[in-house]
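All values below were derived from every heavy atom in this structure, side-chain atoms included, with hydrogens, water molecules and symmetry-related copies excluded. Residue numbers begin at 1 in each chain, while the letters A, B, ... track the order of the sequences. All values derive from a computational prediction rather than experimental measurement.
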Protein chains: 2
Amino acid sequence: MPERMVDVGILGAGGLGRSMVELMQHKPHLRLAAICESAGVAICADGLELAEVIAAAERGSVATVPDAGRPSEDSIGDVIAAGEALDAIFVALPNLPNSFVPDVAARFAAGGFSGVMVDALKRTTAVELMLEQHDTLRDAGITYVTGGGATPGLLTAAAALAAQSFVEVSKVELYFGVGIANWDAYRATIREDIAHLPGFDVQRAQAMSEDEITEELNRRGGILELVDMEHADDVMLERAGICDRHSVTVGGVVDTRHPEKPVSTNVKIHGRTFEGKESHHTFTLGDETSMAANVCGPALGYMNAGLWLHDRGIFGVFTAAELMPRMQPPRPVDSGQWSVASETQARVARAF
Amino acid sequence: MPERMVDVGILGAGGLGRSMVELMQHKPHLRLAAICESAGVAICADGLELAEVIAAAERGSVATVPDAGRPSEDSIGDVIAAGEALDAIFVALPNLPNSFVPDVAARFAAGGFSGVMVDALKRTTAVELMLEQHDTLRDAGITYVTGGGATPGLLTAAAALAAQSFVEVSKVELYFGVGIANWDAYRATIREDIAHLPGFDVQRAQAMSEDEITEELNRRGGILELVDMEHADDVMLERAGICDRHSVTVGGVVDTRHPEKPVSTNVKIHGRTFEGKESHHTFTLGDETSMAANVCGPALGYMNAGLWLHDRGIFGVFTAAELMPRMQPPRPVDSGQWSVASETQARVARAF
């Protein structure tokens with residue numbers, strides 16, 4: 001029996017949300033208490049049966065989860081209403097429009113939620129809007145980690161870590177390869193990727209019909225080559241004091257027809273040491289690790305890090321470049337692993 | 001003018017301590033207020049002139065720093081006595097005996113120091129002894145980061161980060177290359193490395209005369225091949241919940257006669273994803289980055305992370321695998337970047 005059971009809610013039951021449910025099958029200390037999609041929700045304080053949630057999502061809607069599922073006209077509102085029972089939320093909602101996820105976070109704050117939230121946002125503008133919610137979420141007692149997926153997320157944190165060897169970071173280059181066997185399950189993600197293609201933008205990608213997207217993919221043989229992407233790694237590394245946002249470039253290749261990665265995903269951190277040497281460190285992901293593994297694993301790690309901070313009364317919005325994700329949820333604070341001497345606590349309290 | 005000036009003390013003026021002073025020349029927010037070696041100390045609350053400290057150390061003793069330097073029979077005690085003026089301590093003392101650094105930390109706690117401390121300890125036993133000081137240091141209001149160098153440190157943190165993609169980590173392999181042009185400046189480090197050679201141990205290495213060490217190096221053409229090293233990466237990754245300590249191996253090659261690394265330092269993290277795929281991520285350090293850059297840079301990053309925790313009243317012993325180092329010292333808490341809502345603060349306070 002784990003020392004601590006964490007009650008989790010997932011917003012979104014597309015490819016990302018569904019992968020998170022699958023990952024949770026390996027995490028006995030996590031209990032899925034709520035999951036929603038645009039027109040349906042499944043909620044059970046005692047924990048949903050993960051296999052049933054996956055089956056329902058595959059049938060087309062989590063509303064069909066036996067007993068716990070139902071259609072909903074405000075599924076996010078329904079999860080907020082169940083917020084008392086939730087320790088942490090994984091936000092697997094579409095990134096577009098950029099204000100969508102930040103607005104949802106603000107709704108949770110207004111609705112009285114006071115736990116941990118983690119998103120896997122990708123776009124710079126979305127993360128910037130999220131960072132603007134800092135005071136609102138802090139005052140609500142929410143610890144929010146933004147950009148906690150793969151890139152930004154795992155690779156951004158690797159860049160922030162690697163940067164420590166240098167007194168000046170001149171360039172951070174992220175280059176990813178993604179192979180998707182069943183792109184149908186990742187429609188929202190692919191729509192976002194299309195917005196990064198030369199000649200496309202967010203508005204145009206949003207306006208495309210499903211047929212138009214299929215056509216565009218066919219025209220490109222299923223390969224999307226993305227350059228100079230608006231990825232939040234830039235603002236996250238700038239905020240962490242690593243380098244100017246313009247020194248960060250993000251590009252990659254997405255193969256929507258094969259599960260193999262067309263290139264090895266990597267990040268190179270170029271800089272100058274205090275001795276004046278120019279060099280770079282490289283962090284390379286194993287080709288056999290999927291986008292789902294590299295997004296959902298780190299996101300859970302940041303959820304654990306968020307719980308650690310939350311237990312200690314530290315609230316507000318943090319980025320994945322500022323925190324080390326944790327493999328396990330923290331032990332309860334009263335277990336003796338950590339506590340503050342009372343005199344010091346009084347001193348800290350006076351400081352506010 | 002930086003937002004915050006951090007007053008730093010350095011324990012040890014050998015190769016590592018001296019490199020840290022050189023690195024500090026690039027860090028305008030750090031002020032070196034004290035540095036000591038076994039029989040000498042230099043202290044100045046207004047900040048020592050870094051170039052003068054380096055020159056004095058190269059002359060043979062920081063006791064010769066103009067005005068601020070003097071011989072001392074208890075140089076560590078002298079730094080503790082000046083502790084009120086110090087925000088953070090970098091511990092660059094010899095690793096051997098294993099209890100040396102943990103005992104020094106306990107002396108700081110007993111002497112009333114209540115700031116941040118960071119070490120670059122290497123050996124498992126030393127870090128384990130350090131972790132045993134958790135309650136003592138927490139109660140003293142000290143935030144202590146242990147194993148905050150390169151390996152353990154930078155590479156351990158990279159392993160902890162990379163592990164997030166996997167549901168099970170089967171193996172972590174650290175392999176380093178070190179090139180030293182002037183091994184004379186790294187006598188203590190090399191003595192520790194010799195203890196890792198087949199047929200040697202800590203006692204034998206400690207008992208060797210300088211001539212015997214030179215002889216041993218000559219016999220090996222200046223090359224030390226180290227296998228199955230007792231490096232604290234194992235206990236740090238185990239404590240962080242990443243994997244069993246026996247799944248961590250550390251080896252490497254030290255060339256004591258050439259500054260070039262004989263192999264590229266890297267860490268490979270092997271694991272299985274939630275989808276059942278076996279793979280590994282790799283983090284590789286640039287060959288042009290020196291051991292000094294990869295130890296001292298991360299150590300300062302962990303000092304900044306320690307200050308961030310300390311500002312928030314979080315004390316005790318943490319390892320480098322649990323924290324993300326920070327490129328800059330945190331802004332003062334009262335700057336509005338972070339604070340706790342008063343109601344929540346009260347709730348947190350009640351929890352203790």
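Between E168(A) and H26(B), the side chains place no donor N or O within less than 3.5 Å of an acceptor N or O (distance only, hydrogens not considered).
Side-chain atoms of K261(A) come within 3.5 Å of backbone atoms of T289(A) as a donor-acceptor pair (strictly under, hydrogens ignored). Without hydrogens or angle criteria, E322(B) side chain to T319(B) main chain gives a donor-acceptor distance under 3.5 Å. A donor-acceptor pair is defined here as one N or O able to donate and one able to accept, closer than 3.5 Å; such a pair exists between the side chain of H310(B) and the backbone of G141(B). Within the 3.5 Å criterion, the main-chain N or O of I314(B) finds a donor-acceptor partner in the side chain of T143(B). No side-chain donor-acceptor contact under 3.5 Å links H134(B) to the backbone of G316(B). No donor-acceptor pair closer than 3.5 Å links the side chain of R4(B) to the backbone N or O of H29(B). Between the side chain of S114(B) and the backbone N or O of I142(B), no donor-acceptor pair lies under 3.5 Å.
Counting heavy-atom pairs under 4.5 Å between each of H281(B), Q328(B), R272(B) and chain A puts H281(B) at the top.
Neither the backbone nor the side chain of S264(B) has a heavy atom closer than 4.5 Å to any heavy atom of chain A. At a 4.5 Å heavy-atom cutoff, the contact between L154(A) and chain B is made by backbone and side-chain atoms alike. No part of A150(B) comes within reach of chain A, as not one of its non-hydrogen atoms sits under 4.5 angstrom from that chain. Within the 4.5 angstrom heavy-atom criterion, only side-chain atoms of E275(B), from C-beta onward, approach chain A. Residue I269(B): no heavy atom, backbone or side chain, is found under 4.5 Å from chain A.
Within residues 291-300 of chain A, the residues that have a heavy atom under 4.5 Å from a heavy atom of chain B are A292(A), A293(A), N294(A), G297(A), P298(A), listed by number.
Taking the side chain as every heavy atom from C-beta outward, E238(B) and D244(B) approach each other to under 4.5 Å.
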